[in-house]
Protein chains: 2
Amino acid sequence: MLPVFGNIPKYSCIRDNFLLHQFRCILISVSKGDRVLSWIDQFPGLSRLPEGIRTYLLNESKIVTVPANTVIFGPGKSPENLLLLLDGTVRVQQTSDTGREIVLYRVHAGESCVLTTACLLAYEDYSAEGIAETETRAVAIPRAVFDKLVSDSIEFRQFVFTAYSKRITDLFMVIEEIAFQKLDIRLAHKLIELAAGAETVSATHQKLAVELGTAREVISRQLQEFQRRGWIEQSRGTIRLIEPAPLVKLAQS
Amino acid sequence: MLPVFGNIPKYSCIRDNFLLHQFRCILISVSKGDRVLSWIDQFPGLSRLPEGIRTYLLNESKIVTVPANTVIFGPGKSPENLLLLLDGTVRVQQTSDTGREIVLYRVHAGESCVLTTACLLAYEDYSAEGIAETETRAVAIPRAVFDKLVSDSIEFRQFVFTAYSKRITDLFMVIEEIAFQKLDIRLAHKLIELAAGAETVSATHQKLAVELGTAREVISRQLQEFQRRGWIEQSRGTIRLIEPAPLVKLAQS
DNA sequence: TGGGGTTCAGTGACGTTGTCACCAAACATC
DNA sequence: GATGTTTGGTGACAACGTCACTGAACCCCA
């Protein structure tokens, strides 16, 4: 957590039952050469901002923290700020009329919720919603500041459009996967991804179903098949990958 | 077609076997009040550009025409220009490794291929490709001009981000449809859309399958069911909607 | 004008995925 | 330990995807 001096103003918040603490961003006096170190250095795309822009951005943005499971934006809750994540992850997902859900993409630390800027500068409502998966710390850039930065800095424009590019590519991949990939491959892929090198994955079958936009029963059946082959072991809420190799192989095919 | 004076320079082109005719954009001397009429007025989002920006845009952009079935951009063929469509439509679709295809969205006259700007300013390759469905006339805005316009004009920024918003919303809808909607509903919807008020749809079963990201046989079976119910009549390459009402009802459910 | 190639559509069998109704085990709470 | 909730298991069936194959409609050109 960055050091904060003085009183911490509390604002009303994203969802009525959550408190969003907003801190005015404060420069930390750690010099690196002739430059001040700040959160900006956590974003490679922003590191080359000229000094004036850099200062403007630092002065006009705030650092916010939200608790886990906060709905950051969603239908009827269009975001007022562009968020750059410092810690935590945001899950962006969509819910259908019938109640089924699918995860579209995740925003990790060092990335931006840039797709929201589209509706931030335009007026359309998102049908998707963004949820903080863990306690999340982020830089909030107000609409007007974002607009000015896009106007004034070619580096910032590059940053924004590069982020767009990545997200849109992600969406294309999601479409390709749900339309064309077989479920066993997608599930193997997701297990490897969620394990992130570790041996166990903490997730219920229902959660995995939402990740892949399918039904719980389908996940249960497929995991039983993996178990029957001796690749995984299951217990309530967790899956142990005891033979990752064939899973990896399946995920790549 | 806009009047063009002098010689028409021919450039090398988008695909080696197609010629892309590029015309320097020429102001048409039709005054409307104290303002010059031009293609800009076909784009509501651009109509409020200030005079200087307007002139810059007119001078620095070109009007291009491409024949039907031209691949405008695709894997390994990143676009050098932002295209604003004056006539025709561009189909953006994606092909999987296994050869199956799906239509992601269409760009119509009066709209822009704005998602390409993401990779235009960034460096990533699109896995999707854009194909002119009919002979297509468009305004081409070079990368550098696009960047300058985004920098200089808040109206242009609004235009760009609004277009982004629409496209991304489209993508979300595509994801929701493939993941959650039943095929009969999607097919009914697509038939109504392609008919556009007319009685007949000219499309092979294969084309419809690509529209919905499914297999031809599935379309054939479903159309047979519609036919059995007396809603449509089929002949090679065309479908007659003889009872649109129940199709519309199905599409809305 | 009629052969020959190509495109388009129809069919049946089968595997995979989605849906529904229901049950049982594991866990949380008091 | 009784109770309610969450999580996972099961079987039947419907919907969709895949494959191999067939025949009809169309095009072209000698």
Side-chain angles (χ1 to χ4, degrees), chain A residues 69 94-102 174-191 194 200-229 232-240 250 253, chain B residues 69 94-102 174-191 194 200-229 232-240 250 253:
Chain A
N69 300 315
Q94 193 170 27
T95 306
S96 79
D97 316 318
T98 64
R100 273 180 60 193
E101 297 170 278
I102 184 168
V174 169
I175 290 177
E176 179 161 343
E177 277 187 10
I178 38 181
F180 304 133
Q181 284 244 294
K182 287 194 54 178
L183 203 94
D184 52 352
I185 297 174
R186 296 174 59 205
L187 179 55
H189 192 85
K190 186 56 76 176
L191 286 176
L194 291 179
T200 65
V201 175
S202 292
T204 65
H205 295 188
Q206 178 58 46
K207 287 236 175 78
L208 290 170
V210 170
E211 292 286 336
L212 302 180
T214 181
R216 178 192 58 82
E217 296 92 320
V218 178
I219 298 291
S220 294
R221 278 197 292 251
Q222 197 59 62
L223 285 177
Q224 272 171 48
E225 177 60 24
F226 288 169
Q227 189 170 34
R228 196 191 60 75
R229 295 186 199 169
I232 64 169
E233 257 177 20
Q234 298 191 68
S235 58
R236 192 187 164 92
T238 60
I239 296 157
R240 278 190 48 213
L250 180 62
S253 64
Chain B
N69 300 316
Q94 194 170 26
T95 306
S96 79
D97 317 318
T98 64
R100 272 179 61 192
E101 298 170 279
I102 184 169
V174 169
I175 291 176
E176 180 161 340
E177 277 187 8
I178 2 182
F180 305 132
Q181 284 244 294
K182 289 194 54 180
L183 203 92
D184 52 352
I185 297 174
R186 295 174 61 206
L187 179 55
H189 192 85
K190 186 56 77 177
L191 287 175
L194 291 179
T200 65
V201 175
S202 291
T204 66
H205 294 187
Q206 178 59 46
K207 286 237 174 78
L208 290 170
V210 170
E211 293 284 338
L212 302 181
T214 181
R216 179 190 58 81
E217 296 91 323
V218 178
I219 298 291
S220 295
R221 279 197 290 251
Q222 197 60 61
L223 286 176
Q224 272 170 50
E225 177 59 23
F226 288 169
Q227 191 169 32
R228 196 190 61 74
R229 294 186 199 169
I232 63 168
E233 258 177 20
Q234 298 192 67
S235 59
R236 191 187 165 91
T238 59
I239 296 157
R240 277 190 51 212
L250 180 62
S253 66

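Residue numbering restarts at 1 for every chain, and letters A, B, ... go by the order of the sequence lines. Please read these numbers as outputs of a predicted model, since none were measured by experiment.
For C:dG10, its base sits under 3.5 Å from the side chain of B:Arg216 at one donor and acceptor pair at least. Judged by distance alone with a 3.5 Å cut-off, a donor-acceptor contact links the side chain of A:Arg221 to the base of C:dG18.
Here the P atom of nucleotide C:dC8 and the CD atom of B:Gln224 are 17 Å apart, to the nearest Å. Rounded to whole Å, the distance from CD on A:Glu225 to C1' on C:dT16 is 12 Å. If you measure from atom CD of B:Gln206 to atom C1' of C:dC8, you get 10 Å, rounded to the nearest angstrom. Between the CD1 atom of B:Ile185 and the P atom of D:dC16 there is a distance of 9 Å, rounded to whole Å. Put simply, CG on B:Leu208 is 12 Å from P on C:dG10, counting in whole angstrom units. When the C1' atom of D:dT10 is taken as reference, atom CD of A:Glu217 falls 10 Å away, rounded to whole Å. Atom CG in A:Leu183 sits about 14 Å away from atom C1' in C:dG15, given to the nearest Å. Across the protein-nucleic acid pair, A:Arg186 atom CZ and D:dG17 atom P stand 13 Å apart, rounded to whole Å.
Considering only side-chain N and O atoms, B:Gln222 lies nowhere under 4.0 angstrom from the phosphate OP1 or OP2 of D:dA15. Phosphate contact (OP1/OP2 of D:dG9, side-chain N/O of A:His205, threshold under 4.0 Å): present. Side-chain nitrogen and oxygen atoms of B:Gln234 include none within less than 4.0 Å of the OP1 or OP2 phosphate oxygen of C:dA9. The side chain of A:Arg100 contributes an N or O atom lying less than 4.0 Å from OP1 or OP2 of C:dT19. The side chain of A:Ser220 places no N or O atom within less than 4.0 Å of a non-bridging phosphate oxygen (OP1 or OP2) of D:dT10. Proximity of B:Thr204 to the phosphate of C:dC8: no side-chain N or O atom is located under 4.0 Å from OP1 or OP2.
Scanning all heavy atoms of the two residues, the minimum distance from A:Thr214 to A:Arg100 falls at CA-NH2, 3.4 Å. Nearest approach of B:Ile175 to A:Ile102, heavy atoms of both residues: CG2-CG2, 4.3 Å.
A residue-by-residue look at A:Asp184 and B:Gly237 shows that B:Gly237 has its nearest nucleotide of DNA chain C further toward the 5' end. Residue order along DNA chain D, read from the 5' end via each residue's closest nucleotide, puts A:Lys207 first among A:Phe180 and A:Lys207. Nucleotides of DNA chain D nearest to A:Gln227 and B:Gln181 differ in position, and the one nearer the 5' end is that of A:Gln227.
Side chain of B:Arg186 to backbone of B:Gln181: no donor-acceptor contact under 3.5 angstrom is found.
Of the candidates C:dG10, D:dT7, C:dT11, D:dT7 carries the atom nearest the A:Arg236 side chain, counting heavy atoms from C-beta on. Nearest nucleotide to the side chain of A:Ala215, out of C:dT11, C:dT19, D:dT18: C:dT19.
Note on A:Arg221 versus A:Glu217: no salt bridge recorded, every NZ/NE/NH1/NH2 to OD/OE distance being 4.0 Å or above. Using a 4.0 Å cut-off between charged nitrogen and carboxylate oxygen, B:Glu225 and B:Arg229 count as a salt-bridge pair.
Side chains of A:Leu194 and A:Leu208 form a contact here, defined as non-hydrogen atoms less than 4.5 Å apart.
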